[in-house]
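Have a look at the structure below before the remarks.
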There are 2 protein chains.
Amino acid sequence: MVNTVTDTSTEGKILSAAREVFLQKGFSGARMQDIADEAGINKALLHYYFRSKEKLFETIFRQAFEKLIPHITEVFSSDLPFYDKIRAFTNAYITMAIENPFIPLFVLNAMHTDTEGFQKKFGDIPKKVPIILVKTEIKKAVDSGLIRPIEPPELIMNMLSLCLFPFIARPMFQMVMNISDPQFKKILEQRKSEVADFIIHSIKN
Amino acid sequence: MVNTVTDTSTEGKILSAAREVFLQKGFSGARMQDIADEAGINKALLHYYFRSKEKLFETIFRQAFEKLIPHITEVFSSDLPFYDKIRAFTNAYITMAIENPFIPLFVLNAMHTDTEGFQKKFGDIPKKVPIILVKTEIKKAVDSGLIRPIEPPELIMNMLSLCLFPFIARPMFQMVMNISDPQFKKILEQRKSEVADFIIHSIKN
DNA sequence: GTCTATAGTTAGATAGAC
DNA sequence: GTCTATCTAACTATAGAC
C-alpha cells in the first residue's frame, strides 16, 4: 500500500490535497479549484486522474474508512490479556487519529449526508470489522468475573467515544477551554494511555 | 423564547425546515430550494425573512449553540452532592441531544468549516459557559478524596465524549453493529443513566 | 501528462405583480 | 406577505493545443 502522506506523484499530491480540502470544507463546500491549487496543479488534471469530483471523493473515502477500521482483528484474536487488548485498541485508534486528524469527522459526515448511497457504495467495508470478535472477548471477560457486568455494545460505544470525540470536537474544546494548539496536542498524546486507564478503572471488578 | 418545534408561523416553519436540511446536507450542500420545499413555501420568501443563506444559517446556529450550553450553571452552582451533579450534567446533555439529534454534528461541523469566522460571529457565546465552575467542583471532589486524582479538563472531555459521540456516530454504529432504529433509540434512552454510572465507576475512590 | 479556454449547469439573490 | 420569472455568479466538466 502506498503511503498516503509521503507520496509525491501527481496522483498522490491530488489525493493528499483533496483530503485536506474535503476535511476543511466538506464535499459540497470543496471546490475542484481549491484542490488543484492545494496540489499545485491544474484543475483539468483532476478530471484526467479521477474523472469527477464524486469519484475523487469515493477514492478518498474508501481509504479513510479502511484506516478507521484498524488493528482490531490482530489485537483481539491475539492471546494478550484482556486489559492489554483494551490498551492496544484505544492506543491504535488514538494514534491513527493523531496521524490522520481529518478521518473521524470526514467519515462520520459522509455517513450522515449520504446514508443511503453509502450503503450501496461502501457496504462491503463494515463487514470486514470483526465486531463479533470484540463482543466475544468482552463477554468472556464479564463471564470470568474479570470485569463488572456490562453490555458489549455499550462498552464498545464508550471506547470509541472516548478515543474519537476529542478529534471531532477539537475546535470547540480549544475555544471553550482556551487551549493552545501545542497544549491540545500534548493532551491528545496523553490520552493514548489515559483513555485506557479511564475505561479500565470503570469496568474492573 | 419561542418553541422551535411547534412554531407554525412562516418564520418558524422556515427555521424548522432549515434545521432539517442543514443537518442532512451541511451548509454548502443545503439548497435554498430544498429548504423552501421542506417548509412548503417559496424560495423568494426565504430571502424576504432572512436576506441570505448565511444569515439564515447564523440564526439557526446561534439557537443551536445556546441549546448545547445547557443547565451547567444551575446544576453546578447548586448544593447537590457531586455524583448527583455528574448525573444531572450527563442526563441534561443526552436529553437535549435526544430531542435535537442534529445539534451536536451541526455545531461541530460549523466550527470545523469556519473556525475563524466563527470566533468573530459567535465568540460571545462560549463565554457564557461556566467552565470554571465545573472545573472548581471537580477539583474540590479530588482534593476532598471523594474521587481519584484526575485533571478537570480530562474528565470534562470524557463526559462530553460519552454523552455526544453516539449521536454523531449513530449511522456508523447502526450499520457496523447492525442495530435497528427502535433498538438504537432504546440504547440512547438507557445511556441517560448508564453514562453517569460508567463515569462514576471510573472516578470513585 | 499537463495546460488554457470555454461550454453547460446550478443555485443564490432580486424585481415586480398580486 | 407571498408568489413567478429572471438575472448573475460560481463551479463542474470537457475540448483541444502542446
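In what follows, every chain begins at residue 1, and chains take the letters A, B, ... in the order their sequences are listed.
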In whole Å, I'd like the distance from the [atom1] atom of [X] to the [atom2] atom of [N].
{"X": "B:Met32", "N": "D:dT8", "atom1": "CE", "atom2": "P", "answer": "20 Å"}
{"X": "A:Arg51", "N": "D:dA13", "atom1": "CZ", "atom2": "P", "answer": "9 Å"}
{"X": "A:Ile41", "N": "C:dT4", "atom1": "CD1", "atom2": "C1'", "answer": "14 Å"}
{"X": "A:Glu11", "N": "C:dG1", "atom1": "CD", "atom2": "P", "answer": "9 Å"}
{"X": "A:Leu46", "N": "D:dT12", "atom1": "CG", "atom2": "P", "answer": "10 Å"}
{"X": "B:Phe50", "N": "C:dA13", "atom1": "CZ", "atom2": "C1'", "answer": "16 Å"}
{"X": "B:Lys53", "N": "C:dT10", "atom1": "NZ", "atom2": "C1'", "answer": "12 Å"}
{"X": "A:Lys43", "N": "D:dC11", "atom1": "NZ", "atom2": "C1'", "answer": "7 Å"}

side-chain N/O B:Thr10 vs D:dT2 OP1/OP2, d < 4.0 Å: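 For D:dT2, OP1/OP2 do have a side-chain N/O of B:Thr10 under 4.0 Å.
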Below 4.0 Å: OP1/OP2 of C:dT14 and any side-chain N or O of B:His47: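 For B:His47, the contact criterion (side-chain N or O under 4.0 Å from OP1 or OP2 of C:dT14) is not met.
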Ring geometry between A:Phe165 and A:Phe173 (parallel below 30°, tilted from 30 to 60°, perpendicular above 60°):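 The rings of A:Phe173 and A:Phe165 stand perpendicular, inter-plane angle above 60°.
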Ring geometry between A:Phe61 and A:Phe57 (parallel below 30°, tilted from 30 to 60°, perpendicular above 60°):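 Plane angle between 30° and 60°, so tilted.
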For the side chain of [X], counting heavy atoms from C-beta on, which of [options] is nearest?
{"X": "B:Ala44", "options": "C:dG12, D:dT4, D:dT12", "answer": "D:dT4"}
{"X": "A:Asn42", "options": "C:dA13, C:dC3, D:dT2", "answer": "C:dC3"}
{"X": "B:Ser52", "options": "C:dA13, D:dT14, C:dG1", "answer": "C:dA13"}
{"X": "A:Tyr48", "options": "C:dT2, D:dA13, C:dA13", "answer": "C:dT2"}
{"X": "A:Arg31", "options": "C:dT2, D:dG1, D:dT12", "answer": "D:dT12"}
{"X": "B:Leu45", "options": "C:dA13, C:dG1, D:dC3", "answer": "D:dC3"}

Evaluation steps, salt bridge (Lys or Arg N to Asp or Glu O under 4.0 Å), between A:Glu189 and A:Lys186: CA-CA 5 Å; A:Glu189 199 60 40; A:Lys186 204 178 136 202; over 6 Å; no
Neighbour count >12 (heavy atoms, 6.0 Å) for atom CD1, A:Ile132: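 Incorrect, the count does not exceed 12.
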Side chains of A:Thr90 and A:Arg191, donor plus acceptor under 3.5 Å: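 Absent: no donor and acceptor within the cut-off.
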Sugar-phosphate only, base, or nothing, as touched by B:Ala30 at under 4.0 Å among non-hydrogen atoms: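 Sugar-phosphate, backbone atoms only, no base.
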